[in-house]
Participant: 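The structure follows.
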Amino acid sequence: MNKGNRFFTIASSQCESLLRNFSAPNFLSETKKLHALIITSGLLSSSQLCSNLATTYAQCHHVSYASQLFDKLPKRSLFSWNTMMRMYVQMGRPNDALNVFVEMIHSGRGRPDNFTYPIVIKACSELLFFDMGIGVHGQTVKSGFDLDTFVQNSLLAMYMVVGETEEAQLVFDLMVEPTVVSWNSLISGYFRNSYAEEALRVYSRMMDEGVGPDCATLVSVLPACGVLKNVEVGREVHALALERGFWGNVVVRNALLDMYVKCGQMKEARLLLNGMNEKDVVTWTTLINGYVVNGDAKNALILCRTMQLEGVKPNLVSVTSLLSACGDLVSLRHGKCLHAWAIRQNLESEVVVETALVDMYAKCSDSSLSYKVFMKTSKKRTAPWNAVLSGFVHNKLARNAVQLFKQMLAENVRPDSPTLNSLLPAYAILADLKQAINIHCYLIRLGFLCKLEVASMLVDIYSKCGSLGYAHQVFDIIPPKDKDIIIWSAIIAAYGKHGHGEMAVSLFYQMVQSGEKPNEVTFTSVLHACSHAGLVDEGLSLFNLMLKKYQVIPRVDHYTCIVDLLGRAGRLNDAYNLIRTMPITHNHAIWGALLGACVIHENVELGEIAARWTFELEPENTGNYVLLAKLYAAVGRWRDAEMVRDMVNEVGLRKLPAHSSVEVSNM
DNA sequence: CTAGGGTTAG
């Protein structure tokens, strides 16, 4: 042996024990040094050491060294197979993990064990490889590993991920001793598959059976309390968190905070935040977003300042929420500030931020900027298209919306239900029958027509186009038992709009008979139908029905319909008294209804009162001046009529220009 | 060595 090499050699037993200790990513450089030492010591020929080195590299997440060494191994231990697969799953490469698994099976060089299956099953569920997952499940049954708790838990999780809740429940029911992990998977799985009630039921069963919950339990059950707005159970969980010492976990605290937010308990949420001494960016963002979704955008922006003052930087999620707040406040100034901030933070090319920016500019009525941001986004995702579409419709740029939708199809971007929810109102604005038939055919082809909200919007579109026949056809497609209050209201409004009062009223009673409880919107539609068709008695009795039987608190538009009804019947004083005695504040519409009636019945005294109110409440509407002039002319007061007409011209000059169109250039 | 968890646009 060469004496000079003595200091640089190392015994293979030493290597083995060192390698065993280097089993985490932060030992990568040590592993590399040891690797070099093994080579210079001539120990690489030892297959045992090579195997150890490969697995250590796998545990250090060094894919290329691990796989190079692993591929050359003459004999592979089960441990090394498993470690390779786990490395790939942990590195977010489940596909490669499955390739290793397939190689293992086909080469006949290894038999999967109870450690292999959970890794493989996890890879299947991450790839949504449902069929393969079932196959692996079958293999576990054949080999008897399906009785292993870890295997069962991973199977349960996989079935939940792919949406097979019944299969998951079956796995759970067959477990001899489900652990807290099994219960947690069941709870969060039901929640993620939108069975929130079931999630709560499982939780209470778990508590009844005396299974000790852990942090994950609380974090799994709290979102279910949130969507169900079940603050009672939420408070119980809160108490449990304090009692069992889970309060120290920031994730639990954030989940609790979000539960209060989702239940609309903003005061409690705020108190909770104020009482926390450790707050992370998620804590703040949860409350900021809470203010936004609970309609208090102003406080969201204020809270952002507070957060920054406490030294916490907003993240991508915070910015999207805050941009939404700016849209709600129609505050272009704040929105632009946030846009600039997002650019500085290099967040502006994140899809969620881009989408939020498009949406914010649209809500602030700046369609050009909205479109400009959209042009810079990646056009592959549906979300930015939806945002710019809904923005166009929001700003009444219906033609642009339809044009953009066609472009979207030309570029093979797949529309989803939000796309249609944004787009279809554009067709209602256009009121173009040919276009309506076009989109109708398209919806049939894509199978979107079975969706109730889509059908309801189509009813509205045909109604706006003046085609009651088509509207009714669409209405009839929906089976009676599936018809909801929205589609009923749409068809009632359609008939009402075109003066078919009797039909509207008849449909209203059909709806009641079908077991649907009319709401304030339905009553608005049917009352409007009555006033439009002059069905005075019918309208009054329906109004009575609304107050007495259905206990609907009337809004100003209900009163407007009644004023219109009474007015048409010549009962002008009754109408006037109703306005004066109703328990809510009047608006321009109700006085407009009275003014219209006064013109028909040539009542100057009340007409002047009504007109004065409309001028006050709606000074830019020239129609009211025209009505008053018409009234004066009808009773022969020509000079007064002339004077009012002159006022129209003055008002007309002050009128704002109509919305400008946005140029949709070729992309 | 293996299984379960929170905030996000339209």
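Each chain gets a letter, A, B and so on, in the order the sequences are listed, and its residues count up from 1. All values below were derived from every heavy atom in this structure, side-chain atoms included, with hydrogens, water molecules and symmetry-related copies excluded.
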Participant: Can you name the residues that form a side chain to side chain contact (heavy atoms under 4.5 Å, CB included) with A:V402, not counting sequence neighbours?
Facilitator: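 For A:V402, the residues satisfying side chain to side chain contact (heavy atoms under 4.5 Å, CB included) (neighbours in sequence not counted) are A:K406, A:A426, A:Y427, A:L430, A:Q435.
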Participant: What ring-ring contact (aromatic ring centres under 6.0 Å, His included) pairs are there with at least one residue in residues 180-202 of chain A, not counting sequence neighbours?
Facilitator: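 ring-ring contact (aromatic ring centres under 6.0 Å, His included) check on residues 180-202 of chain A returns A:F172-A:W183.
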Participant: Please tell me which of the listed nucleotides, B:dG10, B:dT8, B:dG4, lies nearest to the side chain of A:K122?
Facilitator: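 Nucleotide nearest to A:K122's side chain: B:dG4.
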Participant: Which nucleotide wins on minimum distance to the side chain of A:S154, given the candidates B:dA3, B:dG10, B:dG5?
Facilitator: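 Output: B:dA3.
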Participant: Looking only at the side chain of A:A157 (C-beta and beyond, no hydrogens), which of the listed nucleotides B:dG4, B:dT2, B:dT8 gets closest?
Facilitator: B:dG4
Participant: NA contact type, A:D214, heavy-atom cut-off 4.0 Å: base, sugar-phosphate, or nothing?
Facilitator: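 Base contact.
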Participant: Do A:S318 and A:T285 meet the criterion of a side-chain donor-acceptor pair at a distance under 3.5 Å?
Facilitator: yes
Participant: Nearest to the side chain of A:V352 - B:dA9, B:dG5, B:dG10?
Facilitator: B:dA9
Participant: Quiz question: going by heavy-atom distance under 3.5 Å, is there a donor-acceptor pair between the base of B:dG10 and the side chain of A:D416?
Facilitator: yes
Participant: What is the nucleic acid contact for A:T83, judged by heavy atoms within less than 4.0 Å: base, sugar-phosphate only, or nothing?
Facilitator: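 No contact at all - A:T83 keeps every heavy atom at 4.0 Å or more from the nucleic acid.
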Participant: Which pairs pass side-chain hydrogen bond (donor to acceptor under 3.5 Å, both in side chains) with one or both residues in residues 159-168 of chain A, sequence neighbours excluded?
Facilitator: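 Checked against side-chain hydrogen bond (donor to acceptor under 3.5 Å, both in side chains) - neighbours excluded - the pairs reaching residues 159-168 of chain A are A:H137-A:Y159.
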Participant: The side chain of A:S220 lies closest to which of these nucleotides: B:dG5, B:dT7, B:dA3?
Facilitator: B:dG5
Participant: Let me know the distance between CG of A:L389 and C1' of B:dA9, rounded to the nearest Å.
Facilitator: 15 Å
Participant: May I ask whether A:F115 stacks on the base of B:dT2, given the cut-offs of 5.5 Å between ring centres and 30° between planes?
Facilitator: no
Participant: For A:T286, which of A:D258, A:L256, A:V317, A:D280 qualifies under side-chain contact (heavy atoms from CB on, under 4.5 Å)?
Facilitator: A:D258
Participant: Considering only B:dT2, B:dG5, B:dG10, which nucleotide approaches the side chain of A:S390 most closely?
Facilitator: B:dG10
Participant: Can you list, by residue number, the residues of residues 282-297 of chain A that have a non-hydrogen atom closer than 4.0 angstrom to DNA chain B?
Facilitator: A:V282, A:N289
Participant: To the nearest Å, give me how far apart CG (A:L322) and P (B:dT8) are.
Facilitator: 13 Å
Participant: Measure NZ/A:K363 against P/B:dA9 and give the value in whole Å, please.
Facilitator: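 So the NZ-P distance, A:K363 to B:dA9, works out to 10 Å.
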Participant: Could you state the atom-to-atom distance from NE2 of A:H339 to C1' of B:dA9 in whole Å?
Facilitator: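 So the NE2-C1' distance, A:H339 to B:dA9, works out to 15 Å.
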Participant: I need the full list of ring-ring contact (aromatic ring centres under 6.0 Å, His included) pairs touching residues 260-291 of chain A, with sequence neighbours left out, sorted by first then second residue.
Facilitator: A:H238-A:Y260
Participant: Do the non-hydrogen side-chain atoms of A:S125 and A:F130 ever get within less than 4.5 Å of each other?
Facilitator: no
Participant: Expressed as a whole number of angstroms, how long is the span from A:L347:CG to B:dT7:P?
Facilitator: 19 Å
Participant: Mind checking side chain to side chain contact (heavy atoms under 4.5 Å, CB included) for A:V251 and listing every partner two or more places apart, or none if nothing turns up?
Facilitator: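 If we apply the side chain to side chain contact (heavy atoms under 4.5 Å, CB included) test to A:V251, skipping adjacent residues, the hits are A:V219, A:N249.
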Participant: When you measure from the side chain of A:V317, which nucleotide among B:dT7, B:dG10, B:dC1 comes out closest?
Facilitator: B:dT7
Participant: If you take atom types as modelled and just measure distance, does the side chain of A:N421 reach the base of B:dG10 with a donor-acceptor pair under 3.5 Å?
Facilitator: no
Participant: I need the CG-C1' distance between A:N153 and B:dG4, as an integer number of Å.
Facilitator: 7 Å
Participant: Across the strands shown, which category fits A:L316 at heavy-atom distances under 4.0 angstrom: base, sugar-phosphate, nothing?
Facilitator: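 Answer is base: heavy atoms of A:L316 come under 4.0 Å of a base.
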Participant: Could you tell me the separation between the CZ atom of A:R381 and the C1' atom of B:dA9, rounded to a whole number of Å?
Facilitator: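 Rounded to the whole Å, the gap is 10 Å.
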Participant: Without decimals, in angstroms, what is the distance between A:L156 CG and B:dG5 P?
Facilitator: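 Rounding to the nearest Å, CG of A:L156 and P of B:dG5 are 10 Å apart.
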